[in-house]
There are 2 protein chains.
Amino acid sequence: MKPATIRDVARHADVSVASVSRVLNGVGVVNEPTRQRVLQAVDLLKYVPHSGARSLSTSRTDTVGVILPDLFGEFFSELIRGMDVAARAHGLHLIVSSSHDDADEASAAIRSMRGRVDGLVVLSPYLNAASLTASLAGRTPVLLMNGGAMDAARPSIVIDNRAGAMTAVEHLLGLGRRRIAHISGPSGNLEAEARLAGYAEALAGSGVVAQVLDGDFTQGSGHRAVTRMLASGERPDAIFAANDMMAVGALLALQEAGVRCPEEVAVVGFDDVPIAELVRPALTTLRIDIAGLGKHAVERLVGLIQAPDSEEANNEILRPTLVVRGSSTADASAHSSPAEAKPTAPGEILMGEIQDV
Amino acid sequence: MKPATIRDVARHADVSVASVSRVLNGVGVVNEPTRQRVLQAVDLLKYVPHSGARSLSTSRTDTVGVILPDLFGEFFSELIRGMDVAARAHGLHLIVSSSHDDADEASAAIRSMRGRVDGLVVLSPYLNAASLTASLAGRTPVLLMNGGAMDAARPSIVIDNRAGAMTAVEHLLGLGRRRIAHISGPSGNLEAEARLAGYAEALAGSGVVAQVLDGDFTQGSGHRAVTRMLASGERPDAIFAANDMMAVGALLALQEAGVRCPEEVAVVGFDDVPIAELVRPALTTLRIDIAGLGKHAVERLVGLIQAPDSEEANNEILRPTLVVRGSSTADASAHSSPAEAKPTAPGEILMGEIQDV
DNA sequence: CTGTTAGCGCGTTCAC
DNA sequence: GTGAACGCGCTAACAG
């Protein structure tokens, strides 16, 4: 009852394993009669090549891996979707490994990938480059996306979080808001820290005093942060959350407290996950084409796999784009009104660009 | 520059490969001195076991695969998240293979998994059991989740789509709605067809005439269906969409047209994806604990892997639960008001149960 | 306790 | 054109 192997097929077709291999891989030349006999045996025995064995012998797995901190929220699912698209387009399988909150776990995960994948996309916002490099012995091509302290010696893609955050704050300042609070991401997270830095920097020149509420990138933390702040009597006129999920939590907290958005408090998020334009008011945010990013990452990884040293140390920086929606418009009529419901508001303002370094 | 192999380590530590293997796998007994020499060599050479080779020899991959139709929307990402949780808990890797819209693609995908995984969770709502079984030669444990025509001879989990749909319609009828339209899922999709059947059946007894709008499970299709319907002059007083994404699309279309929900038109979805409770009005839907489902699926699969014939042909049926939110309450004050904004509305009504067959 | 060796399933030189 | 044999890297008997 065990699955047939290539030898079973060879025996059945009365040829050698070499011929079977040739037929199946379409390499070399085989006489038509032999070819037919092999094909016949293959489907009689329902033979399916054992990809593990094949990998061992070819040292190609036709699989790429992705190391992620976690799988919550829409950011990572969108990213995976994009990566999957690219992987499939190149005939590759995708193996995901998540929930690596610290450097050690991530390192272990990376190591456990040896012999399983041809290349890796690593998102580890908590990992510093040094610790990462240590894990990355071997010659496995790796594309880094650990926003922040990037290892200049390795191919990478980073999001310009600081610039994005500054854009967000400047947008709010431009709206005349003067009490701008920030809901931060988890401490130790490089992306979160860069966004916080951008917030602080943008504020620095304006005389507006910074007010930071602790968050951890989850919707619940955004909700709690705002609820607590309101309870303490604080009344900012704008909130910049370090990501969209927290911004959504903030939006809900405001609604529960009866505080109108954007009239009383404007809200800006970061990432532009799909729900950003579905909530009401729709969320102003810094757009990252997440799925596109995932796709692009895999494509670069494929390039690395095919030509390991071609684009070494190519560090790419993506600048997020400001998308203005109802949660931060001066126009009060935009708030929760049916007219504003269309998925793509006509008044969307886009800024920013993608630049290569 | 090539990665060190176990033989390099053995040579370096001046022992045999067997001893290295013993030390690394903690099996058998090894003298402390030898053990130390091995460990030393391992980290000098930065040796990492080649899991591919190990798999070939142990015939275990420590990986489970999941075959999906696509990766759009929140349903699949939630499912993957749940599966990942369970996989990690069991020390397994997860490999995803998506975008298999027809039986052939899915079959190919399943076959290509041989030698890569220890077991498979297959979601293929387009696949009939016969064609599936053909692909599933070998002894690879497979857990089916192709809602609908389940192969009674294989372990499976199905969602009681028909019952769920009936519950939805009955809920709307109970609200006094008499013109209930249905936005269907893609034709040929078993889940979609079962939901449509449930809709029709629930209506049959009530004298209400069925009205079906074509959809394909995407938000856009729900939006278009409703827009077109309104344009044609039709005015239902309720819409039951075959999934939440289409329901969200419907909600937006209604808003754009200035039709009030739930006052004029109530809307009910299916799945209870995370955004269901974030849109306004919050969406009444049939809850499936998606992440829990994914987790449970992997756990059953693990059981199958450990004892292949233990629970054979255990067919499980999950009954979705009605969750009433703002989009279908009689109470008009619930609509878009701040008071209704809290994530978990106090007035939530839950029905249904999970049953084992 | 440790070393030798035979596979795991397949691709791939080489001679024939 | 075709086949025999070796190697991929590792585990698991089996001897010693």
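Quantities reported herein were computed from a predicted structural model and do not represent experimental measurements.
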Check your understanding: Is A:V15 touching bases, backbone alone, or none of the nucleic acid, heavy atoms closer than 4.0 Å?
Key -> sugar-phosphate
Review point. Just checking B:T58: base, sugar-phosphate only, or nothing, at a heavy-atom cut-off of under 4.0 Å?
Key: sugar-phosphate
Practice item. Could you tell me the separation between the CZ atom of B:R11 and the P atom of D:dG9, rounded to a whole number of Å? Key: 12 Å
Revision key, fill the gap. Per nearest nucleotide of DNA chain C, the residue lying toward the 5' end, B:V17 or B:L56, is B:V17
**Study point:** Residue-phosphate contact under 4.0 Å: A:R54 side-chain N/O, C:dG9 OP1/OP2
**Key:** no
Exercise for review: Can you tell me the distance, in whole Å, between the CE atom of B:M113 and the C1' atom of C:dG9?
Suggested key: 19 Å
Review point. To the nearest Å, how far apart are B:N31 CG and C:dC1 P?
Key: 6 Å
Exercise for review: Under 4.0 Å between any heavy atoms, over every strand shown, what does B:V30 touch: base, sugar-phosphate, or nothing? Just pick one.
Suggested key: sugar-phosphate
Point to revise | Donor-acceptor pair, side chain of A:D118 and main chain of A:D62, under 3.5 angstrom | key: yes
**Study point:** Check: B:S112 side chain, B:I110 main-chain N or O, donor-acceptor pair, under 3.5 Å
**Key:** no
Practice item. Tell me what A:R35 touches on the nucleic acid: a base, only sugar-phosphate, or nothing, going by heavy atoms under 4.0 Å. Key: nothing
Study note, to complete from the structure: Rounded to whole Å, the NZ-P distance (A:K2 to C:dG7) equals 13 Å
Revision key, fill the gap. Here the distance between atom P of D:dG9 and atom CG of B:D8, to the nearest Å, is 9 Å
**Study point:** A:R7 CZ to D:dA4 P, straight-line distance once rounded to whole Å
**Key:** 11 Å
Practice item. Indicate, with a heavy-atom threshold strictly under 4.0 Å, whether A:S21 touches base, sugar-phosphate, or nothing. Key: base
Revision key, fill the gap. From CG of B:L24 across to P of D:dA12 the rounded distance in Å is 13 Å
Practice item. Could you check A:S97 against A:V66 for side-chain contact (heavy atoms from CB on, under 4.5 Å), going step by step and ending with a plain yes or no? Key: CA-CA 6 Å; A:S97 181; A:V66 50; over 6 Å; no
Point to revise | From CA spacing to verdict: salt bridge (charged side-chain N to carboxylate O under 4.0 Å, His left out), A:R11, A:D8 | key: CA-CA 5 Å; A:R11 197 176 315 125; A:D8 298 326; 3.4 Å; yes
Review point. Going by distance alone, is a donor N or O of one side chain under 3.5 Å from an acceptor N or O of the other, for B:N25 and B:R54?
Key: yes
Check your understanding: Between the side-chain atoms of A:R22 and the base atoms of D:dG3, is any donor-acceptor pair under 3.5 Å?
Key -> yes
Check your understanding: Can you tell me if A:S55 uses its side chain to pair, donor with acceptor, with the backbone of A:R60 under 3.5 Å?
Key -> yes
Check your understanding: Base, sugar-phosphate, or nothing: which does A:V20 touch, judged by heavy atoms less than 4.0 Å apart?
Key -> nothing
Check your understanding: Of all the choices, C:dC10, C:dG3, D:dC10, which nucleotide is nearest to the side chain of B:A53 once you look at every atom?
Key -> D:dC10
Review point. With sugar-phosphate meaning primed atoms plus P, OP1 and OP2, does A:T34 contact a base, only sugar-phosphate, or nothing at under 4.0 Å between heavy atoms?
Key: sugar-phosphate
Review point. Taking only N and O in the side chain of B:S57, is any of them less than 4.0 Å away from OP1 or OP2 of D:dC10?
Key: no
Check your understanding: With respect to the side chain of B:Y47, which nucleotide from C:dC10, D:dT2, D:dC10 is positioned closest?
Key -> D:dC10
Review point. Rounded to the nearest Å, what distance is computed from the CZ atom of residue A:R114 to the C1' atom of nucleotide D:dC8?
Key: 11 Å
